[in-house]
There are 2 protein chains.
Amino acid sequence: MAIGRPSPSSSQTPDPGAARRPSRARGIPEATVARLPLYLRALTALSERSVPTVSSEELAAAAGVNSAKLRKDFSYLGSYGTRGVGYDVEYLVYQISRELGLTQDWPVVIVGIGNLGHALANYGGFASRGFRVAALLDADPNVVGSTAAGLPVRHMDELEEIVASQHVSIGVITTPPGAAQQVCDRLVEAGVTSILNFAPTVLTVPDGVDVRKVDLSIELQILAFHEQRKAGDEPAAGDSVLDRAPGPVRAAAAKLRRAAGGKAEQAKTAPAAKGGPDDDLSAVMPA
Amino acid sequence: MAIGRPSPSSSQTPDPGAARRPSRARGIPEATVARLPLYLRALTALSERSVPTVSSEELAAAAGVNSAKLRKDFSYLGSYGTRGVGYDVEYLVYQISRELGLTQDWPVVIVGIGNLGHALANYGGFASRGFRVAALLDADPNVVGSTAAGLPVRHMDELEEIVASQHVSIGVITTPPGAAQQVCDRLVEAGVTSILNFAPTVLTVPDGVDVRKVDLSIELQILAFHEQRKAGDEPAAGDSVLDRAPGPVRAAAAKLRRAAGGKAEQAKTAPAAKGGPDDDLSAVMPA
DNA sequence: CCATCTTTGTGCACACGTTCACAAACGCAT
DNA sequence: ATGCGTTTGTGAACGTGTGCACAAAGATGG
């Protein structure tokens with residue numbers, strides 16, 4: 001898998017059903033992989049309470065999933081349960097850890113030590129499970145030299161050396177959006193092949209590089225959508241009948257919108273919330 | 001939609017295909033909703049550059065998705081494009097904003113002002129798009145009274161009053177995992193019906209309340225899985241042949257694992273990484 | 001050794017999501 | 001007006017994910 005830039009694909013957190021890397025190669029569906037960490041967390045909690053075995057029903061409840069789904073997920077890893085008894089907690093912890101690659105050490109670099117980068121550096125979930133912060137990097141000379149979570153913030157120029165010498169393959173981007181693609185390119189060039197992107201930017205990477213994104217703003221907007229639905233959902237705010245009207249009506253409306261042109265005119269074609277339902281219609285079809 | 005606690009369901013960030021609230025009620029698939037913010041961001045960028053229209057191909061490239069998928073997504077909102085021309089940028093910005101409910105004001109409370117809560121309070125993506133931090137809350141008296149992002153940190157006990165008076169319907173949880181469920185319950189009790197959870201905990205909420213989770217640790221583990229695959233993926237680390245072996249062999253192995261019992265014995269049944277591939281096998285089937 | 005009870009593992013049907021491919025629609029030039 | 005090139009909107013096929021329901025497997029007690 002060459003690191004060159006043959007066919008840059010910009011897939012963030014690959015959608016289910018999308019053209020995916022054959023993670024299916026040895027058979028584990030992507031949806032299952034995404035749930036394994038959840039199971040692992042629940043199992044670890046059970047393990048700490050010295051619970052020896054657990055049924056799929058109990059574990060599923062703890063992880064917030066359907067028990068049949070959980071059993072099917074485990075079946076992809078092999079048959080680690082005992083009928084009539086359940087699953088051996090310790091053994092399952094080990095098997096899932098191994099499958100996820102957590103039995104090895106994963107050095108990680110964090111690029112962009114602002115508020116968020118600082119918070120992540122201190123995040124407890126980092127140190128655990130084989131993840132280790134190899135270095136904190138930033139381009140701002142005012143930040144370089146300070147320390148966060150006991151680690152010194154080093155300059156971006158040291159990136160290549162750090163990645164190479166410490167065999168870093170995972171990078172976390174917490175820069176402002178404008179710098180994200182540039183930082184991403186540099187990470188990839190240095191040899192990083194997995195990137196967790198917190199910047200609100202669509203990253204383009206070569207094949208063979210995985211990108212997952214975490215985006216607060218998007219999550220909030222999705223919540224807002226559902227929230228609006230719950231609250232009665234004003235159906236006919238802007239346009240209404242025009243939307244699905246077949247025939248030349250739609251075309252005329254679209255033409256008008258385009259003719260309105262620059263953003264100064266937005267208020268005209270997009271009445272703020274409570275405009276009459278047929279403001280546009282009257283413009284299209286004068287009585 | 002009663003706020004009582006009829007049937008607590010613990011669904012985080014509902015899986016595709018799962019028993020979902022009929023967001024489909026007026027027809028917009030969940031997968032589409034999740035992409036609308038992405039389109040909106042790309043469209044906003046175009047708008048700032050005063051681009052009047054955009055084709056599905058261009059916009060899809062900017063958002064990192066398939067153009068047919070984008071067109072189908074937009075078709076759920078209505079027919080806002082013009083064949084042979086493309087989509088009117090301004091108009092689309094408005095329509096998507098409206099569909100997502102971003103034309104109204106969304107006050108948000110953040111509970112748990114540690115490193116992460118602090119970072120989120122300062123996050124730029126918050127202020128924009130109609131989201132407004134109504135209050136920062138914490139239970140720790142040492143934190144209460146300090147300020148973050150120009151806002152005072154107030155005590156948890158003020159939660160109910162704040163939610164009621166400011167009509168807050170969205171809450172963000174950035175507490176340690178142990179406190180998350182408790183805080184969640186209190187948010188729901190106060191009237192919050194959408195929760196964004198950053199704590200690594202499975203939250204249980206009544207019907208009618210939406211929960212989305214953001215989990216750094218899970219994202220890293222998923223990346224590690226794929227990373228391990230790329231790096232050759234040692235297939236036979238722990239067990240191997242036993243996994244899918246039919247017949248009584250599997251049962252015997254499982255029995256042994258359970259017999260091994262407490263976690264003290266873990267090293268025996270779960271050899272650390274590079275143990276011989278058939279450590280267990282030899283125990284099950286002595287030569 | 002047998003009967004019974006519990007729980008796994010999975011075949012099957014269905015819902016959802018993605019992608020292809022193409023006709024219909026539209027702008028524009030002639 | 002007519003024809004041409006472009007782009008949308010969507011029907012249809014396919015792949016993925018989910019959940020039901022049940023047979024098979026094992027444990028346990030007599």
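In what follows, every chain begins at residue 1, and chains take the letters A, B, ... in the order their sequences are listed. It should be emphasised that the depicted structure is a prediction, and the values quoted were computed from it without experimental measurement.
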Output yes when at least one side-chain N/O atom of [X] is less than 4.0 Å from OP1 or OP2 of [N], else no.
X	N	result
Lys69(A)	dT18(D)	yes
Ser55(A)	dT7(C)	no
Thr82(B)	dC26(C)	no
Tyr87(A)	dT6(C)	no
Asn66(B)	dG17(C)	no

Under 3.5 Å donor-acceptor, Ser97(A) side chain and Val93(A) backbone: yes
For [X] and [N], what is the distance between atoms [atom1] and [atom2] respectively, to the nearest whole Å?
X	N	atom1	atom2	answer
Ile28(B)	dG17(C)	CD1	P	12 Å
Leu70(A)	dT7(C)	CG	P	14 Å
Asp73(A)	dT16(D)	CG	C1'	13 Å

Side-chain H-bond candidate by donor/acceptor type, Glu48(A) with Thr44(A), under 3.5 Å: no
Output a table of nitrogen or oxygen pairs between the protein and nucleotides 21-23 of chain C separated by less than 3.5 Å.
from	atom 1	to	atom 2	distance (Å)
dA21(C)	N6	Arg71(B)	NH2	3.3

Sequence-distant partners of Asn66(A), side chain to side chain donor-acceptor pair (under 3.5 Å), two or more places apart: none
Under the side chain to side chain donor-acceptor pair (under 3.5 Å) test, residues paired with Glu227(B) that sit two or more places apart: Thr193(A), Ser194(A), Lys230(B)
With the side chain counted from C-beta on, respond yes when [X] and [Y] share a heavy-atom pair under 4.5 Å apart, and no when they do not.
X	Y	result
Cys184(B)	Ile195(B)	yes
Leu203(A)	Gln181(A)	yes
Glu30(B)	Phe225(A)	no

Between the protein and nucleotides 28-30 of chain C, which nitrogen or oxygen pairs are less than 3.5 angstrom apart?
none

Contact list for residues 36-57 of chain A, test ring pair (Phe, Tyr, Trp, His ring centres under 6.0 Å), sequence neighbours left out: Tyr39(A)-Phe74(A)
Those residues that, when tested against Ala60(B), pass side-chain contact (heavy atoms from CB on, under 4.5 Å) (two or more places apart): Val65(B), Ser67(B), Leu70(B)
Polar pair under 3.5 Å, donor/acceptor by atom type, side chain Lys72(A), base dG19(D): yes
Which residue lies more 5' along DNA chain D, comparing Thr32(A) with Val54(B) via nearest heavy atoms: Val54(B)
